[in-house]
Colleague: 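After the structure tokens below, expect a handful of questions from me.
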Amino acid sequence: MGFPDRIERTLDLAHPPSRVWTALTTAEGLSGWFGSETEIDLRPGGRAWMRWDDGSTADVRVERVEEPRIFGFTWQITGLPADDPRRTYVEFTLEPAGAGTRLRVVETGFAQLPADAHRAAFEGNVDGWASELAELAGYLDAR
């Protein structure tokens, strides 16, 4: 039996897709809910970078931009050395839902890891997405 490879979350937000898109794809938006400091070059192949209050960072590569519906990126896997080429792929899909937006987040690529690294990375990101998506909802509601 293989390792779980997919984290998927769906969130209904009471905000139009354009507001959710801005929160997901701009440095100002991302730093409001995801990282405490961010930079982003929003184009396929563009680089993004995030830093959190605890000092941890993430190097991100933008992979897919289909405004205002799909945003995808790859990023380093927590627990691996910074020069390790393995990455996971995260994709946000936005769909209008009444006056709001249904947001689906899917992260894949964990099955490429050995058992010890898989467990830590997968479980950490399961918990991380629950926390970060709650912060996204709070960020949008406060604006």
Side-chain angles (χ1 to χ4, degrees), residues 2-114 117-143:
F3 296 124
D5 189 54
R6 180 182 188 95
I7 298 169
E8 184 170 348
R9 298 287 176 265
T10 302
L11 183 63
D12 288 321
L13 299 162
H15 305 280
S18 60
R19 285 196 58 210
V20 177
W21 180 261
T22 298
L24 297 174
T25 62
T26 66
E28 179 183 350
L30 287 166
S31 64
W33 68 275
F34 200 38
S36 59
E37 183 181 346
T38 65
E39 294 177 11
I40 184 168
D41 178 5
L42 187 62
R43 62 181 175 83
R47 181 177 179 263
W49 174 84
M50 295 177 220
R51 183 182 57 77
W52 285 267
D53 290 335
D54 67 2
S56 61
T57 62
D59 182 37
V60 175
R61 186 176 51 242
V62 176
E63 301 290 347
R64 189 171 177 192
V65 180
E66 294 179 24
E67 185 176 352
R69 216 173 66 72
I70 300 171
F71 171 52
F73 63 83
T74 57
W75 63 351
Q76 298 163 297
I77 301 172
T78 302
L80 297 183
D83 63 347
D84 192 298
R86 293 173 288 184
R87 301 168 76 84
T88 59
Y89 177 71
V90 177
E91 188 168 274
F92 295 92
T93 303
L94 293 75
E95 296 177 16
T101 304
R102 174 160 292 148
L103 175 65
R104 186 178 62 152
V105 182
V106 177
E107 183 173 12
T108 59
F110 297 97
Q112 65 187 309
L113 301 173
H118 176 274
R119 181 180 179 133
F122 186 82
E123 290 178 5
N125 284 27
V126 165
D127 293 342
W129 283 118
S131 173
E132 296 296 353
L133 292 175
E135 289 185 31
L136 171 62
Y139 168 78
L140 289 166
D141 289 346
R143 294 188 60 88

Colleague: Decide yes or no on side chain to side chain contact (heavy atoms under 4.5 Å, CB included) for Asp41 and Val62, but give the supporting numbers first.
Modeller: CA-CA 8 Å; Asp41 178 5; Val62 176; 6.0 Å; no
Colleague: Which pairs with one or both residues in residues 70-82 pass salt bridge (Lys or Arg N to Asp or Glu O under 4.0 Å), sequence neighbours excluded?
Modeller: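 Checked against salt bridge (Lys or Arg N to Asp or Glu O under 4.0 Å) - neighbours excluded - no pair reaches residues 70-82.
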Colleague: On a heavy-atom basis, which atom in Gly109 and which in Thr88 lie closest, and how many Å separate them?
Modeller: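 Minimum heavy-atom contact is C-CG2, 4.0 Å.
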Colleague: For Ser131, which residues count as a side chain to side chain donor-acceptor pair (under 3.5 Å) partner, sequence neighbours excluded?
Modeller: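 Result, side chain to side chain donor-acceptor pair (under 3.5 Å) vs Ser131: none returned.
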Colleague: With sequence neighbours excluded, tell me which residues meet salt bridge (Lys or Arg N to Asp or Glu O under 4.0 Å) with Asp59.
Modeller: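 Partners of Asp59 by the salt bridge (Lys or Arg N to Asp or Glu O under 4.0 Å) criterion, ordered by chain and then number, come out as Arg47.
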Colleague: Going by the rule side chain to side chain donor-acceptor pair (under 3.5 Å), which residues pair with Arg102 if we only count those two or more places apart in sequence or in a different chain?
Modeller: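 Applying side chain to side chain donor-acceptor pair (under 3.5 Å) to Arg102 gives Asp12.
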Colleague: Of the non-hydrogen atoms in Ala23 and Tyr139, which two are nearest, and what is the gap between them?
Modeller: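 What the structure gives for the nearest pair is CB-CE2, 3.9 Å.
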Colleague: What's the separation between atom CG in Asp5 and atom CD in Glu107, rounded to the nearest 0.5 Å?
Modeller: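 Separation between the atoms: 9.5 Å.
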Colleague: What residues, two or more places apart in sequence or in another chain, satisfy side-chain contact (heavy atoms from CB on, under 4.5 Å) together with Pro85?
Modeller: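 So Pro85 forms no side-chain contact (heavy atoms from CB on, under 4.5 Å) with any residue.
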Colleague: For Thr38 and Ser31, which heavy atoms make the closest approach, and how far apart are they?
Modeller: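 Minimum heavy-atom contact is OG1-N, 3.7 Å.
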Colleague: May I ask you to test the Pro96-Pro17 pair for a side-chain heavy-atom distance under 4.5 Å?
Modeller: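 Side-chain contact under 4.5 Å: yes.
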Colleague: Please verify the inter-ring angle class for Phe73 with Trp75; under 30° counts as parallel, over 60° as perpendicular, anything in between as tilted.
Modeller: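 Correct class here is perpendicular.
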Colleague: My understanding is that only residues two or more places apart in sequence, or in another chain, count here; which of them pass salt bridge (Lys or Arg N to Asp or Glu O under 4.0 Å) with Glu8?
Modeller: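 By the salt bridge (Lys or Arg N to Asp or Glu O under 4.0 Å) rule, Glu8 matches Arg6, Arg104.
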Colleague: Please report the C-alpha distance between Val20 and Leu140 in whole Å, then the side-chain angles of each, then the deciding distance to 0.1 Å, and finally whether the side chain to side chain contact (heavy atoms under 4.5 Å, CB included) criterion is met.
Modeller: CA-CA 8 Å; Val20 177; Leu140 289 166; 3.9 Å; yes
Colleague: Tell me the ring pair (Phe, Tyr, Trp, His ring centres under 6.0 Å) pairs involving residues 44-64, sequence neighbours left out?
Modeller: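 The answer is Phe34-Trp52.
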Colleague: CZ/Arg87 to OG1/Thr108 distance, rounded to the nearest 0.5 angstrom?
Modeller: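 Separation between the atoms: 13.0 Å.
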Colleague: Side chain to side chain donor-acceptor pair (under 3.5 Å) with Gln76: which residues, sequence neighbours excluded?
Modeller: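 Gln76 satisfies side chain to side chain donor-acceptor pair (under 3.5 Å) with no residue once adjacent residues are dropped.
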Colleague: Quick one: salt bridge (Lys or Arg N to Asp or Glu O under 4.0 Å) partners of Arg19, sequence neighbours excluded?
Modeller: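 Arg19: no salt bridge (Lys or Arg N to Asp or Glu O under 4.0 Å) contacts found.
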Colleague: Distance check, rounded to the nearest 0.5 Å: Glu39 atom CD versus Arg51 atom CZ?
Modeller: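 Interatomic distance, Glu39 CD to Arg51 CZ, rounded to 0.5 Å: 11.0 Å.
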Colleague: So, taking the atom named CZ in Phe92 and the one named OG1 in Thr101, what distance separates them when rounded to the nearest 0.5 Å?
Modeller: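 Phe92 atom CZ to Thr101 atom OG1 measures 13.5 Å (nearest 0.5 Å).
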Colleague: Side chain to side chain contact (heavy atoms under 4.5 Å, CB included), that's the test. Do Arg86 and Thr74 meet it? Break it down for me.
Modeller: CA-CA 9 Å; Arg86 293 173 288 184; Thr74 57; over 6 Å; no
Colleague: Quick one: pull up CG in Leu24 and CG in Leu136 and give me the separation to the nearest 0.5 Å.
Modeller: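 One gets 6.0 Å once the value is rounded to the nearest 0.5 Å.
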Colleague: Atom OG1 of Thr26 and atom CH2 of Trp21: how far apart are they, to the nearest 0.5 Å?
Modeller: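 One finds 11.0 Å between OG1 of Thr26 and CH2 of Trp21.
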Colleague: What residues, two or more places apart in sequence or in another chain, satisfy salt bridge (Lys or Arg N to Asp or Glu O under 4.0 Å) together with Glu67?
Modeller: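 Glu67: no salt bridge (Lys or Arg N to Asp or Glu O under 4.0 Å) contacts found.
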Colleague: Would you please name every residue forming a side-chain contact (heavy atoms from CB on, under 4.5 Å) with Asp141, sequence neighbours left out?
Modeller: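 Asp141 satisfies side-chain contact (heavy atoms from CB on, under 4.5 Å) with His15 only.
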Colleague: Please list all pairs meeting salt bridge (Lys or Arg N to Asp or Glu O under 4.0 Å) that have one or both residues in residues 120-138, counting only residues at least two apart or in different chains.
Modeller: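 Those involving residues 120-138 are Arg119-Glu123.
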Colleague: Looking at every non-hydrogen atom in both residues, tell me the closest pair between Ile40 and Ala27 and how far apart they are.
Modeller: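 Reported closest heavy-atom pair: CG2-N, 3.6 Å.
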Colleague: For residues Pro44 and Val65, report the shortest heavy-atom separation together with the two atoms involved.
Modeller: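 It is CD-CG2, 4.2 Å.
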Colleague: Grab the two heavy atoms, one from Leu113 and one from Ala121, that are nearest each other, plus how far apart they are.
Modeller: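 That would be CD1-CB, 3.9 Å.
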